[in-house]
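Worksheet: one structure, shown below.
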There are 2 protein chains.
Amino acid sequence: MFGFRDIEIIRSVVRHGGFRAAADATGLAQSAISRRIRHLEDRMGITIFERAGRGVRLSATGRRLVDEAEVLIAQRDRILEELTQGVMAGVVRLGVAETMTHTLLPRMLTTLRGRHPMLRFEISVDTSEQMGQALRDDALDVVIMLRDQAPRGIALTPLPPVSMGWFVSPEHFTLPSPAGIDDLAALPIVSFPKTTIPHRQVLEVMTAGRRKPATVHGSASLATMVNLVQQGFGIGTIPHDIVAAWPQTMLQEIDVLPEAKLPPLEFVICHDPERNEEIGREVTRAAVEAGCD
Amino acid sequence: MFGFRDIEIIRSVVRHGGFRAAADATGLAQSAISRRIRHLEDRMGITIFERAGRGVRLSATGRRLVDEAEVLIAQRDRILEELTQGVMAGVVRLGVAETMTHTLLPRMLTTLRGRHPMLRFEISVDTSEQMGQALRDDALDVVIMLRDQAPRGIALTPLPPVSMGWFVSPEHFTLPSPAGIDDLAALPIVSFPKTTIPHRQVLEVMTAGRRKPATVHGSASLATMVNLVQQGFGIGTIPHDIVAAWPQTMLQEIDVLPEAKLPPLEFVICHDPERNEEIGREVTRAAVEAGCD
DNA sequence: CTCGATATCCCTGAAACCGAACATGGGCCC
DNA sequence: GGGCCCATGTTCGGTTTCAGGGATATCGAG
């Protein structure tokens, strides 16, 4: 096994053309260089320098070693530099609710990449519930999720509310305009998964003081929701932004009476301030800016 | 500054979830782990673990450090493995005479890549004279060059001879068929650079026992030679293979009398057996095979 | 033989390590 | 709820290990 020091010394020998000169250059004694390299060769079981009586020269194996190992030194120096100089770098594990992936996320990432080019992102899309847990477990650094499922003890910043609408494929169903709760409840409804807040909100609106509850299906995939509605499986409760961002769909928004209107989704962006203060603030700032315009 | 050992220990702490467990796993005392990490943190001026009274947990900076530094360990292990297990890997500095770049070289490299996927090539194209010097200076590992300019004390293997022809652009010049030395010498001749063997051979053939020497131009670039002939600058002495490999040219071979025929070029592939025995043999083998079919 | 280089030997000093004692926080029993 | 216990990290003194320094032997080329 070899260490960084070994490579530095070998490189010095190569550059200065001998053990003696390398010793002068590094401030070590010549004997130290000789011993170090011999030990290294013994440990690794390879020949690094061929002793030619007078002087040494790098063997083919030795050249391979320096060639390859030099980049390790460069990488180490880069890592140290980034960590020390407070450069924002490394991997940010970002969790995003699917609703935000089409609208806010791309703008936010573009902003961030412009400000911190060394930053890399690892993005996962999941339910707010799962991501809240992951945030607590330090499996995610920053999460964009529904406000009501954000864990405690976490820095949260609200994002602009996402308005919800009722959508229908006009070639499959026809509804009065404006439609009332009874009109909507008569059809199958496609919504978010049943463990989520939006799903519960739909249920509350649709069953308020009624005998026969509406049939509400859940889907964890927005694309699936849109497709189901598109193909006449039922009507859907979908964020306006999402439908707008899906150019190829032919969905029509249903004009509904006030009591059937759905409350907007309230998203927050959150991070653990004890753990990811700096990066969390930066991502939050970018998200807020991306949400404004 | 940090070393491989530091990273291994940090990683062990992370994997086993604490200093004590890491101590058991690594065979160190728990106090040693504690001291090492504290010392490392002091030296680098960063916090790697956040002490939470009971237990420690990786800080954001610490996670960045492990994330980035882990790949260094992996790379070191790979390098060691390659060097120790006799895997053919690393960079082979290959010098090739331009004549061989269109015919033998691609087949040879394909063969080699198939046999030794970890091998990388750094190819330089130069005159045989320069490359011979580079081989002596250990600036090249393997060289394909003209036999007569190969240095001494070097393992050389002959390659199939490369036949030379006289070529002309029929729209610019008309020559009798077969043409004699006088016919050829009446026109400007484009050949290899004037320090090279082929150039001298042309001169010898053209000036044997004559008063007025032929005008022989030299070019270090085959492409330039072909272009010059193509555009009527003169006639050219070019390897048959090269013209055949240049599909877009309209050159015509000149039928010449026996005394004007040029001897074939004799190439060898060579390496220093004291320095690059293994790789030299492998490259040579591939070259011989590529030259046969 | 002499010169210019590496290799070897012995000694020293610093760095790493161990073990034990100490400090701290969480969980549990009464 | 208070006190005890256990698990864990920290600190301290003594010990071991290892890398380096200096002097000298050795080696090959000219």
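Sequence lines set the chain letters: A, B, ... in the order given, protein chains first and strands last, and positions in each chain run from 1.
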Practice problem: Return yes if some donor-acceptor pair links the side-chain N/O of A/D137 with the main-chain N/O of A/A139 below 3.5 Å, else return no. | Solution: no
Practice problem: Start with the C-alpha gap between A/M145 and A/C270, add the side-chain angles, then the distance that decides, and say whether side chain to side chain contact (heavy atoms under 4.5 Å, CB included) holds. | Solution: CA-CA 8 Å; A/M145 62 187 302; A/C270 44; 3.8 Å; yes
Self-check item: Touch class at under 4.0 angstrom, heavy-atom based, for B/L28 against every strand present
Solution: sugar-phosphate
Quiz item: Sub-3.5 Å donor-acceptor pair from the side chain of A/T101 to the main-chain atoms of A/E98, do we have one?
Solution: yes
Practice problem: For the residue pair A/F4 and B/F4, categorise the inter-ring angle as parallel (less than 30°), tilted (30 to 60°) or perpendicular (more than 60°). | Solution: parallel
Quiz item: Expressed in angstrom and rounded to an integer, what is the separation of A/D24 atom CG from C/dT6 atom P?
Solution: 10 Å
Quiz item: Can you find a pair of side-chain heavy atoms, one from A/E70 and one from A/I73, that are under 4.5 Å apart?
Solution: no
Exercise. Please check if atom CD in A/E277 has more than 12 non-hydrogen atoms from other residues, nucleotides or ligands closer than 6.0 Å.
Key: yes
Quiz item: Taking atom P of D/dC18 as reference, at what distance in whole Å does atom CD1 of A/I37 sit?
Solution: 19 Å
Quiz item: In whole angstroms, how far is the C1' atom of C/dA14 from the CZ atom of B/R36?
Solution: 14 Å
Exercise. Among A/R15, A/R36, A/R76, find the residue that satisfies the salt bridge (charged side-chain N to carboxylate O under 4.0 Å, His left out) test when tested with A/E8.
Key: A/R76
Quiz item: Is it true that atom CZ of A/R136 has more than 12 heavy atoms of other residues, nucleotides or ligands lying nearer than 6.0 Å?
Solution: yes
Self-check item: Length of the CD-C1' vector between B/E50 and D/dT8, whole Å
Solution: 17 Å
Quiz item: Between C/dA5 atom C1' and A/I33 atom CD1, what is the distance in whole Å?
Solution: 14 Å
Quiz item: Between C/dT8 atom C1' and A/E41 atom CD, what is the distance in whole Å?
Solution: 15 Å
Exercise. Measure from the side-chain N and O atoms of B/R57 to the backbone N and O of B/R51, and report whether any donor-acceptor pair falls under 3.5 Å.
Key: no
Self-check item: A/F267 side chain near A/T157 side chain, heavy-atom distance below 4.5 Å
Solution: no
Below 3.5 Å is the cut-off: list the nitrogen or oxygen pairs between protein and nucleotides 10-16 of chain D, distance only.
from, atom 1, to, atom 2, distance (Å)
D/dT10, OP1, B/R51, NE, 2.7
D/dT10, OP2, B/S34, OG, 2.7
D/dT10, O4, B/Q30, OE1, 3.3

Quiz item: Which is true for B/G27 with a 4.0 Å heavy-atom rule: it touches a base, it touches only sugar-phosphate, or it touches nothing?
Solution: sugar-phosphate
Quiz item: Between residues 4-13 of chain A and DNA chain C, which residues have a heavy-atom gap below 4.0 Å?
Solution: none
Self-check item: 4.5 Å side-chain heavy-atom contact, B/R120 and B/V92
Solution: no
Practice problem: State, to the nearest 10°, the angle formed by the axis through the first five base pairs of the helix from C/dC1-D/dG30 to C/dC30-D/dG1 and the axis through its last five. | Solution: 30°
Quiz item: Roughly how many Å is it from CZ in A/F49 to P in C/dA5, rounded to a whole number?
Solution: 15 Å
Practice problem: Calculate the interatomic distance between B/H39 atom NE2 and C/dC17 atom P; express it in whole Å. | Solution: 11 Å
